[in-house]
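Everything below concerns the one structure shown next.
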Amino acid sequence: KSSGKGRYETFQPSHHAAHLERERLLADLYQALDRQELVLHYQPIVDLASATTSGYEALVRWQHPTHGLVPPARFIALAEDSGLIVPIGRWVLREATRQAAAWQRPDGSGPRMSVNVSVRQFQHPSLVGDVAEALDRSGLDPRRLTLEITESLLVQDAAATTGKLEEVKDLGVRLALDDFGTGYSSLGYLRRFPIDVLKIDKSFVDGVATSPEDHAVIGAIVQLGQTLGLDLVAEGIETADELAALRGLGVGYGQGYHLGRPLPAAAHEEAVHQKAVHEEAVHQEAVHEE
Ligand code: C2E
Ligand code: MG
Ligand code: MG
Ligand code: MG
């Protein structure tokens with residue numbers, strides 16, 4: 001804006017084209033729900049001590065008729081600005097809880113499910129009702145649902161936010177603070193708000209095996225988590241070295257391409273099936289050898 005040419009900005013063809021593109025995408029997004037173009041992929045959240053999957057994070061994608069699979073980075077902000085995030089978020093809650101309930105095992109146990117909730121969606125009057133309805137419809141044990149919020153929500157109207165977070169907590173669900181360490185939150189928030197889980201942002205995880213500073217920062221977060229009784233999830237683990245360093249620091253849970261990519265539900269079911277077939281084969285072999 002300090003440049004003298006700034007006032008011509010909106011008339012530049014490239015900006016005009018970008019604006020048109022955005023308008024077109026928004027027009028399509030209005031139809032996306034009705035046309036059933038939104039899909040959820042699920043990324044495993046792994047218990048680092050036992051190396052078992054403790055749950056999944058639901059991540060929305062848009063199967064656009066001509067653009068292909070559109071990542072959330074390209075349409076969540078658009079959905080927030082237009083208010084479409086409310087019906088989209090409602091659908092995500094329903095679909096993710098339905099899937100988690102479907103993955104429940106006969107003994108009643110099953111994976112947890114994490115769902116991202118953006119600021120505008122959280123602040124909308126229907127949020128608590130939407131969560132309650134999703135739990136009701138699916139029959140999912142509320143303790144198996146985690147809502148992921150960001151620090152940007154906590155720096156908004158603190159009194160209103162606290163009340164609403166308490167309402168959500170009263171439903172029995174867990175709350176996670178996503179991208180922890182990247183926002184403006186003071187540590188005081190961790191005492192004031194009923195948070196259960198900290199998700200350590202990928203930007204710290206990236207350096208955990210190579211940068212003494214990042215290693216130390218995560219070490220401090222581990223101590224903080226222990227003191228405040230919070231679960232920790234390291235985000236964006238991409239290498240075996242990062243995984244080993246995080247294990248060494250005592251981080252409880254991890255997520256990342258090294259542990260498992262976000263995939264459609266059917267792909268995870270296939271993997272579980274393959275594992276069962278494999279275990280059965282190993283078992284048969286063992287029986288044979290006896
Ligand atoms: P997030 O909640 O922090 O999700 C983690 C993002 O990191 C996901 O990107 C995931 O695919 C990606 N990721 C996981 N492991 C790795 C890794 O090892 N390396 C790298 N480079 N990336 C990794 P995705 O799916 O593109 O989602 C981006 C963001 O969009 C999410 O960040 C979340 O803020 C938002 N989002 C996704 N789904 C929803 C949704 O249903 N509702 C709302 N409101 N926001 C959503
Ligand atoms: Mg998240
Ligand atoms: Mg995150
Ligand atoms: Mg992130």
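Indexing begins at 1, ligand by ligand and atom by atom, following the structure's order.
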Exercise. Do you know which two heavy atoms are closest between Phe204 and Asp214, and how far apart they sit?
Worked result: O-CB, 3.6 Å

For this session: Would you mind naming the N, O or S atom of Glu148 nearest to the Mg ion (ligand 2)?
Result: OE1

Problem set entry | Arg261, portion touching ligand 1 at heavy-atom distance under 4.0 Å | neither

For this session: Please step through side-chain contact (heavy atoms from CB on, under 4.5 Å) for the pair Glu133 and Arg90, ending with a clear verdict.
Result: CA-CA 9 Å; Glu133 197 195 88; Arg90 189 179 293 136; 5.6 Å; no

For this session: Below 4.0 angstrom from a heavy atom of Gly256, which ligand 1 atoms are there? Numbered from 1 as shown, please.
Result: 15 (N), 18 (O)

For this session: Answer yes or no as to whether an N/O/S atom of Ser114 is found below 2.8 Å from the Mg ion (ligand 2).
Result: no

For this session: Of all N, O or S atoms in Asp178, identify the one at the shortest distance from the Mg ion (ligand 3).
Result: OD1

Problem set entry | Side chain, backbone, both or neither: Glu235 near ligand 1, heavy atoms under 4.0 Å | side chain

Seminar exercise, completed: ligand 1 atoms nearer than 4.0 angstrom to some heavy atom of Val92 are 41 (O)

Seminar exercise, completed: Smallest heavy-atom separation, Ser114 atom then Ile45 atom, equals OG-CD1, 4.0 Å

Exercise. Okay, side chain of Lys169, backbone of Leu175: is any donor-acceptor separation there less than 3.5 Å?
Worked result: no

Seminar exercise, completed: Closest to atom 46 (C) of ligand 1 (heavy atoms only, candidates Asn116, Val117, Ile88) is Asn116

Exercise. Between the candidates Leu59, Val115, Leu259, Ile85, which shows the shortest non-hydrogen contact distance to atom 31 (C) of ligand 1?
Worked result: Leu59

For this session: State whether Glu95 and Arg98 are salt-bridged, where the test is any N-O pair (Lys NZ or Arg NE/NH1/NH2 against Asp/Glu carboxylate O) under 4.0 Å.
Result: yes

For this session: Please indicate whether Gln36 has more than 12 foreign heavy atoms, meaning atoms of other residues, nucleotides or ligands, lying under 6.0 Å from its CD.
Result: no

Problem set entry | Backbone or side-chain N/O/S of Glu235 under 2.8 Å of the Mg ion (ligand 2) | no

Problem set entry | Best match, Glu57, Arg61, Gln121: closest heavy atom to atom 25 (O) of ligand 1 | Arg61

Exercise. With atoms numbered from 1 as shown, which atoms in ligand 1 lie under 4.0 angstrom from a non-hydrogen atom of Ser118?
Worked result: 44 (N)

Problem set entry | Under 3.5 Å: donor-acceptor pair, side chain of Ser138, backbone of Leu135 | yes

Problem set entry | Name, closest N/O/S atom of Asp179 to the Mg ion (ligand 3) | OD1

For this session: Using only N, O or S atoms, tell me which atom of Glu57 is closest to the Mg ion (ligand 2).
Result: OE2

For this session: Just jot down the ligand 1 atoms closer than 4.0 angstrom to any heavy atom of Asp178, in number order.
Result: 1 (P), 2 (O), 3 (O)

Seminar exercise, completed: Residues Leu145 and Leu140: closest non-hydrogen pair is CB-CD2, 4.2 Å

Problem set entry | Check: Glu238 main-chain N/O paired with Glu242 side-chain donor or acceptor under 3.5 Å | yes

Exercise. Applying a 4.0 Å heavy-atom criterion (strictly less than), which segment of Val60 is in contact with ligand 1: side chain, backbone, both, or neither?
Worked result: both

Exercise. Hey, is Leu40 touching ligand 1 through its side chain, its backbone, both or neither, going by heavy atoms under 4.0 Å?
Worked result: neither

Problem set entry | Heavy-atom gap Pro262 to ligand 1 smaller than 4.0 Å | yes

Exercise. Could a heavy atom of Gly236 be found less than 4.0 Å from some atom of ligand 1?
Worked result: yes

For this session: Quick one: sort the Tyr56 and Trp103 rings into parallel, tilted or perpendicular, breaks at 30° and 60°.
Result: tilted

Exercise. Would you say Gln43 contacts ligand 1, with heavy atoms under 4.0 Å as the rule?
Worked result: yes

Exercise. Do Asp107 and Ser109 have side-chain atoms, one donor and one acceptor, less than 3.5 Å apart?
Worked result: yes

Exercise. Can you check whether His258 has an N/O within less than 3.5 Å of an N/O in ligand 1?
Worked result: no

For this session: Return yes if some donor-acceptor pair links the side-chain N/O of His258 with the main-chain N/O of Leu243 below 3.5 Å, else return no.
Result: no

Problem set entry | Heavy-atom proximity to atom 16 (C) of ligand 1, best of Trp91, Phe75, Tyr257 | Tyr257

Exercise. Does Arg261 make a cation-pi contact with Tyr257 (under 6.0 Å, within 45 degrees of the axis)?
Worked result: yes

Problem set entry | Donor-acceptor pair, side chain of Arg144 and main chain of Pro111, under 3.5 angstrom | yes

Problem set entry | Side chain, backbone, both or neither: the part of Asp179 lying under 4.0 Å from ligand 1 by heavy atom | side chain

Problem set entry | Numbered atoms and elements of ligand 1 in range of Glu238, under 4.0 angstrom, heavy atoms | 17 (C), 18 (O), 19 (N), 20 (C), 21 (N)

